[in-house]
Protein chains: 2
Amino acid sequence: MSRNRIVDLAEIRSNCKKCSLFQLCMPMGLDDNDLEKLDKIIKRRRPVEKGDYLYRMGDPFHSVYTIRAGSLKTYTTNQNGQEQIIAFHLPGDLIGLDAIQGEIHTCSAKALETISVCEIPFDRLESLSQKIPGLQHHLLKLMSEELQLEHCHMTILARAPVEARLASFLTQLSERFRARGYSATEFNLSMSRNDIANSLGMAVETISRLLSQFQEHGLLQVERKHVQILDMPALVELSNRCGPNAQNTRDSSHGTA
Amino acid sequence: MSRNRIVDLAEIRSNCKKCSLFQLCMPMGLDDNDLEKLDKIIKRRRPVEKGDYLYRMGDPFHSVYTIRAGSLKTYTTNQNGQEQIIAFHLPGDLIGLDAIQGEIHTCSAKALETISVCEIPFDRLESLSQKIPGLQHHLLKLMSEELQLEHCHMTILARAPVEARLASFLTQLSERFRARGYSATEFNLSMSRNDIANSLGMAVETISRLLSQFQEHGLLQVERKHVQILDMPALVELSNRCGPNAQNTRDSSHGTA
DNA sequence: CAGCCCTCTTGATCCAGATCAAAGGCTGGC
DNA sequence: GCCAGCCTTTGATCTGGATCAAGAGGGCTG
């Protein structure tokens with residue numbers, strides 16, 4: 001199981017200071033002393049296999065997690081057992097902060113592929129951030145950012161036509177890849193069409209149709225999980241157009257507006 | 001303008017310790033010493049009139065606000081000028097924390113009626129919470145709670161049929177009134193039907209029709225802004241049923257399932 | 001007090017996108 | 001290497017809720 005992961009494990013043992021994701025997950029401007037303190041409270045965990053849970057809705061809350069590699073989804077489950085995906089998370093993301101209130105996880109976190117994470121016991125993080133002002137600010141900032149992202153997502157869910165939803169999903173993902181030093185125009189989707197549909201409040205069939213349509217219109221190239229964005233400005237334009245008449249804006253020869 | 005508000009102003013000048021909302025907006029367990037420190041950084045502001053802004057999207061972020069009386073809505077505006085309501089806020093709510101990241105307000109906050117608020121300069125709140133562990137924890141907890149509420153809202157926006165959306169809105173509002181010591185079954189809606197529709201991702205007409213329908217089914221009594229809930233269990237049931245066949249569950253004689 | 005405007009309600013129609021159906025492709029297991 | 005099962009795509013149909021339309025009621029203004 002872990003035989004072919006020895007290299008990963010070795011890498012995982014490296015400390016915060018050497019971690020390439022450090023700038024994403026933790027505050028700039030911590031001095032070496034603070035860094036060491038932080039490093040001490042972090043537990044490196046064994047990789048989590050695809051489909052496994054980092055935590056489940058209802059679990060007691062003890063730790064938050066930063067993703068070192070791979071991606072995962074967080075989702076809630078309602079009375080009828082239907083799941084609703086809240087967000088997808090990429091390397092550098094800090095997850096679990098939504099469970100501080102109530103001290104019970106209100107989402108489940110499931111790996112979309114094999115992932116590795118750092119576990120940070122929350123009580124220790126909290127007392128550490130009591131001592132390190134930059135850390136406290138960083139935590140608040142991260143939660144604030146999460147709120148902003150969700151506001152954006154809510155806006156999309158409430159009003160946007162399907163084209164805008166998918167375009168928005170793709171451009172946002174692209175932006176996040178760019179921020180992590182990956183290509184912004186070419187990437188692999190770690191989530192299924194079903195997951196995309198779920199997170200955007202749509203049907204799988206609609207996702208599939210739209211991807212084909214986007215490809216036809218020359219916005220992107222899609223082959224199974226692999227996506228190459230060809231016309232980013234058009235996609236961005238589409239994603240902003242949450243109003244009426246959100247059709248192809250590039251080729252206006254047969255546009256409706 | 002403020003001539004008929006002298007009494008309010010007097011009340012507003014009272015300090016945190018005497019404030020009836022204190023338990024809602026600030027952490028339990030602060031000792032008198034801490035309380036005084038907190039009290040010192042809080043500015044009491046003149047009432048904000050109905051329709052006025054506490055802050056606007058794009059404004060630089062300096063302060064967070066606790067609502068002392070009245071209610072307001074926060075909303076974002078997209079490229080096309082369409083607004084999307086993020087949330088309604090009641091007395092005791094602390095708002096503005098979503099602007100920490102970026103230090104620019106990403107929502108506008110507009111009074112639904114005349115409100116009074118306490119303004120808390122964020123930098124001072126932050127350094128104070130650096131000294132008072134309970135305060136830091138409280139801030140984190142409040143943001144965590146906000147995240148949870150938004151997850152819930154997102155779930156509703158993504159999937160729920162209109163009956164569930166409205167039922168959920170009403171039961172949540174009821175719950176919040178109860179938490180503030182008001183009646184959970186009889187209250188006035190400070191927001192217009194339009195605002196309700198907007199926040200739930202629906203059309204005004206649908207809100208209107210559903211309210212009539214709920215009334216016909218004996219779930220509630222509604223007269224303009226005034227609402228009296230008659231069958232809370234049924235409403236709760238409706239609101240949980242985010243799945244298919246979310247019709248009247250009480251009278252199963254003509255149910256579809 | 002009349003008039004206007006704005007919010008709300010109710011009815012009729014329409015359509016975006018869900019659902020139903022069915023046929024490929026991959027992928028993982030044996 | 002082959003089979004089973006899932007994921008994805010594409011087409012056909014259906015429907016929930018939006019949109020369009022038209023009053024009705026309330027409240028603010030002059």
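Residue numbering restarts at 1 for every chain, and letters A, B, ... go by the order of the sequence lines. Just the heavy atoms: all of them, side chains too, but no hydrogens, waters or symmetry mates, feed the values below.
Look at CG on B/N188: it is 15 Å from C1' on D/dG26, rounded to the nearest Å. One can place CG of A/L189 at 10 Å from P of D/dT9, the figure rounded to the nearest angstrom. If you take CG of A/L166 and P of C/dA16, they are 18 Å apart, rounded to a whole angstrom. Taking atom CD1 of B/I207 as the reference point, atom C1' of C/dT9 lies 13 Å away to the nearest angstrom. One can place CD of B/E163 at 11 Å from P of D/dA18, the figure rounded to the nearest angstrom. In this structure, A/N198 atom CG and D/dT8 atom P are separated by 13 Å, rounded to whole Å. Atom CD of B/Q82 is separated from atom C1' of D/dA18 by 13 Å (rounded to the nearest Å). If you take CZ of B/R159 and P of D/dG16, they are 16 Å apart, rounded to a whole angstrom.
Proximity note for A/S212 (side chain, C-beta onward) versus C/dA18, C/dC8, D/dT10: the nearest is D/dT10.
In this structure, B/S208 reaches the bases: a heavy-atom distance under 4.0 Å links it to at least one base atom across the strands shown.
With hydrogens and angles left out, the side chain of A/R165 and the base of C/dG17 share no donor-acceptor pair within 3.5 Å. A donor-acceptor contact under 3.5 Å is formed by the side chain of B/E205 with the base of D/dC20. Residue B/R224 places no side-chain atom within donor-acceptor reach of the base of D/dG27, judged by atom type and a 3.5 Å distance cut-off alone. Judged by distance alone with a 3.5 Å cut-off, a donor-acceptor contact links the side chain of B/R209 to the base of D/dT19.
OP1 or OP2 of D/dA18 has at least one side-chain nitrogen or oxygen of B/T206 nearer than 4.0 Å. Listed pair A/K225 / D/dT8 meets the phosphate criterion, a side-chain N or O lying under 4.0 Å from OP1 or OP2.
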Under the side-chain contact (heavy atoms from CB on, under 4.5 Å) rule, what do A/Y55 and A/T74 come out as? Steps first, then yes or no, please. CA-CA 9 Å; A/Y55 52 79; A/T74 48; 4.0 Å; yes
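Take the nearest nucleotide of DNA chain C for A/E223 and for A/M202: the residue whose nucleotide is more 5' is A/M202.
A salt bridge links A/K73 with A/E83; the closest basic N to acidic carboxylate O contact falls under 4.0 Å.
The environment of A/K50 atom NZ is sparse: at most 12 non-hydrogen atoms of other residues, nucleotides or ligands sit within 6.0 angstrom.
To the nearest 0.5 angstrom, A/I115 atom CD1 is 6.0 Å from A/I67 atom CD1.
Side-chain contact check for B/Q221 and B/H226: no donor-acceptor pair (N or O, by modelled atom type) lies under 3.5 Å.
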